[in-house]
S.K.: 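Handing you a structure now.
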Amino acid sequence: MGCYKVGSGEAVKPSMMPLNFPVVEMFNGPLYYYDLQKVDMLSDLDGRLIIDWGRAAISWQQWATNDKAILSIQASPRLAFNGFENVVINYDDLKDIVADPTLYENWHTALSSIYAIYLITDQNNGKLYVGSAYGTGGLLSRWKYYVSTQHGDNKGIKAVLESSPDRYKNFQFSILQVLPKNITAEEVIEIENLYKKKLLSNKYGMNEN
């Protein structure tokens, strides 16, 4: 459940015992009550790290110095990466993914490995923005920039946010086409422009070039 530091302690006495505590003798013997304080160490593994607890089934704590076999480290059950074609996430989800490269390691590995044509949809009105990602860091780098700026330096999106500064919170991000990293910038832009024509994102959406 977490990693805790053993804080100050004092000898137990009956007055410390919680109401209806089932093991009265624990507060009558030569034991100590300790103030446990949760620490940030290993916090990225909370709820994810599964170890072989061993035979001490009744002892509900283990010293951090005890060697324990790791059985598995679970991925996030809320946002598991299930393939490029299934990527449909809102801004808050993208922000969480970008902020935690440990919990979302699969996302970081996948998104940084590709160039792509991506789609941003304003869920308030259905307006579209078609963009492309190429260069160092691939799609991950491009989407990180949206998290840090909210607009990604796109003129059309900037115009939307000028009139409605919080609108980016309703943006949905998805992938239209995965591109190999050996493709040229000119080829990427050509494919991007084709999608703009197909989706009319220049005429009715947020593309202005």
Side-chain angles (χ1 to χ4, degrees), residues 44-45 48 73-209:
D44 57 304
L45 298 175
R48 301 176 56 230
I73 298 178
Q74 294 183 319
S76 168
R78 188 174 70 86
L79 285 173
F81 183 79
N82 294 317
F84 297 112
E85 69 280 6
N86 296 314
V87 172
V88 182
I89 53 177
N90 59 38
Y91 175 85
D92 285 339
D93 288 339
L94 179 59
K95 185 176 180 181
D96 287 345
I97 291 168
V98 165
D100 197 334
T102 301
L103 184 60
Y104 296 107
E105 179 182 5
N106 290 346
W107 282 86
H108 280 245
T109 301
L111 297 182
S112 63
S113 70
I114 60 163
Y115 293 167
I117 307 299
Y118 60 86
L119 182 69
I120 298 176
T121 304
D122 186 337
Q123 297 179 88
N124 277 15
N125 54 25
K127 287 190 175 182
L128 306 176
Y129 177 87
V130 175
S132 60
Y134 53 93
T136 304
L139 180 57
L140 178 65
S141 179
R142 185 69 184 125
W143 279 3
K144 276 185 177 180
Y145 195 52
Y146 281 102
V147 170
S148 64
T149 64
Q150 286 86 55
H151 52 68
D153 275 341
N154 303 131
K155 186 177 179 181
I157 294 180
K158 281 183 175 180
V160 171
L161 299 184
E162 284 175 4
S163 59
S164 182
D166 291 331
R167 183 66 68 84
Y168 69 90
K169 295 178 181 179
N170 293 310
F171 286 172
Q172 174 183 278
F173 293 77
S174 58
I175 298 174
L176 293 174
Q177 184 173 339
V178 173
L179 303 173
K181 279 194 166 181
N182 60 357
I183 196 172
T184 66
E186 291 75 18
E187 290 172 317
V188 173
I189 293 171
E190 184 179 347
I191 297 170
E192 177 187 5
N193 287 333
L194 178 60
Y195 274 102
K196 289 176 184 177
K197 290 179 182 178
K198 289 180 176 181
L199 298 174
L200 295 175
S201 61
N202 284 105
K203 186 174 182 179
Y204 298 112
M206 296 180 284
N207 284 110
E208 293 195 7
N209 62 330

S.K.: Just by modelled atom types, is the G152 backbone N or O under 3.5 Å from a matching donor or acceptor in the R142 side chain?
M.R.: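 It does hold such a pair.
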S.K.: Verify, without hydrogens or angle tests, whether S164 (side chain) and V160 (backbone) share a donor-acceptor contact under 3.5 angstrom.
M.R.: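 No: the side chain of S164 does not pair with the backbone of V160.
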S.K.: Return each pair, listed once, that meets salt bridge (charged side-chain N to carboxylate O under 4.0 Å, His left out) where at least one residue sits in residues 156-174; pairs must be two or more places apart or across chains.
M.R.: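 Applying salt bridge (charged side-chain N to carboxylate O under 4.0 Å, His left out) to every pair that reaches into residues 156-174, excluding sequence neighbours, yields D122-R167, D153-K158.
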S.K.: Would you indicate whether the side-chain heavy atoms of N209 and K196 approach each other to under 4.5 Å?
M.R.: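 Yes. Closest side-chain heavy atoms under 4.5 Å.
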S.K.: Should Y115 and I183 count as side-chain neighbours, where that means a heavy-atom distance under 4.5 Å?
M.R.: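 A side-chain contact exists here, since the closest heavy-atom pair is under 4.5 Å.
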S.K.: What do the steps show when you test E85 against Q177 for side-chain contact (heavy atoms from CB on, under 4.5 Å), and what is the final call?
M.R.: CA-CA 8 Å; E85 69 280 6; Q177 184 173 339; over 6 Å; no
S.K.: Counting only heavy atoms from other residues, nucleotides and ligands, does the tally under 6.0 Å from CD of Q123 exceed 12?
M.R.: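 It does: Q123 CD has more than 12 such atoms within range.
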S.K.: Please test K155 against N207 for side chain to side chain donor-acceptor pair (under 3.5 Å), starting from the C-alpha separation and ending with a verdict.
M.R.: CA-CA 8 Å; K155 186 177 179 181; N207 284 110; over 6 Å; no
S.K.: Run through Y91, Y118, Y168 and flag the one making a side chain to side chain donor-acceptor pair (under 3.5 Å) with Y146.
M.R.: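 Filter result, single survivor: Y118.
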S.K.: May I ask you to test the I175-L111 pair for a side-chain heavy-atom distance under 4.5 Å?
M.R.: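 They are in side-chain contact.
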S.K.: Begin from the C-alpha positions of L119 and F173 and carry the test side-chain contact (heavy atoms from CB on, under 4.5 Å) through to its verdict.
M.R.: CA-CA 6 Å; L119 182 69; F173 293 77; over 6 Å; no
S.K.: Using modelled atom types and a 3.5 Å cut-off, is there a donor and acceptor pairing between side-chain atoms of N154 and backbone atoms of G156?
M.R.: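 Not at all, since once roles are kept as given, no pair shorter than 3.5 Å links the two residues.
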S.K.: Quick one: does T109's side chain have a donor or acceptor within less than 3.5 Å of a partner on N106's backbone?
M.R.: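 Here the side-chain-to-backbone pair does not exist.
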S.K.: Walk me through it: do I189 and Y134 pass the test side-chain contact (heavy atoms from CB on, under 4.5 Å)?
M.R.: CA-CA 10 Å; I189 293 171; Y134 53 93; 3.7 Å; yes
S.K.: Compare every heavy atom of A116 with every heavy atom of L139, then report the nearest pair and how far apart it is.
M.R.: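 In terms of heavy atoms, the two residues are closest at CD2-CB, 4.0 Å.
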S.K.: Quick check: do V87 and S174 have side-chain heavy atoms less than 4.5 Å from each other?
M.R.: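 The answer is no; the side chains never approach within 4.5 Å.
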S.K.: Name the orientation class of the two ring planes belonging to W107 and F81 (parallel below 30°, tilted from 30 to 60°, perpendicular beyond 60°).
M.R.: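 Rings of W107 and F81: perpendicular, as their planes differ by over 60°.
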S.K.: Between the side chains of K197 and N202, does any donor sit under 3.5 Å from an acceptor?
M.R.: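 Side-chain D/A pair, K197 to N202: absent.
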S.K.: Quick check: closest heavy atoms across V188 and S132, and the distance to 0.1 Å?
M.R.: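 V188 and S132 have their closest heavy atoms at CG1-CB, 3.5 Å.
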S.K.: For H151 and L161, which heavy atoms make the closest approach, and how far apart are they?
M.R.: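 Residues H151 and L161, closest heavy atoms: CB-CD1, 3.8 Å.
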S.K.: Could you grab the distance from atom CD1 of I114 to atom CG of L179, nearest 0.5 Å is fine?
M.R.: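 Atom-to-atom, I114:CD1 and L179:CG are 8.0 Å apart.
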S.K.: Minimum heavy-atom separation for Y195 and V130, please, with both atom names.
M.R.: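 Nearest heavy atoms, Y195 then V130: CB-CG1, 3.9 Å.
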S.K.: Could you check if a side-chain atom of I120 sits within less than 4.5 angstrom of a side-chain atom of L128, using non-hydrogen atoms only?
M.R.: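 In short, these two side chains do not touch, never coming nearer than 4.5 Å.
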S.K.: Is there a donor-acceptor contact under 3.5 Å linking the side chains of D96 and Y104?
M.R.: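 Result is no, nothing qualifies.
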S.K.: Rounded to the nearest 0.5 Å, what separates atom CD in E105 from atom CD1 in I97?
M.R.: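 So the gap between those two atoms works out to 14.0 Å.
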S.K.: Does atom NZ (K181) have a neighbourhood of more than 12 heavy atoms from anything else shown, all under 6.0 Å?
M.R.: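 Yes - once you tally the heavy atoms of other residues, nucleotides and ligands closer than 6.0 Å, there are more than 12.
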S.K.: Go through the steps for T121 and F171 under the test side-chain contact (heavy atoms from CB on, under 4.5 Å), then give the verdict.
M.R.: CA-CA 6 Å; T121 304; F171 286 172; over 6 Å; no
S.K.: Just checking, any donor-acceptor pair under 3.5 angstrom between side chains of N124 and N170?
M.R.: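 Per modelled atom types, N124 and N170 side chains form a pair under 3.5 Å.
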S.K.: Got a second to check how far W143's CH2 is from L94's CG, nearest 0.5 Å?
M.R.: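 So the gap between those two atoms works out to 6.5 Å.
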S.K.: Not counting sequence neighbours, which residues clear side chain to side chain donor-acceptor pair (under 3.5 Å) with E187? List them please.
M.R.: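 With sequence neighbours excluded, E187 shows a side chain to side chain donor-acceptor pair (under 3.5 Å) to T184, given in chain and number order.
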S.K.: With no hydrogens and no angle check, is any side-chain donor or acceptor of S113 less than 3.5 Å from a backbone partner on A110?
M.R.: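 Judged by distance alone, yes, a pair lies under 3.5 Å.
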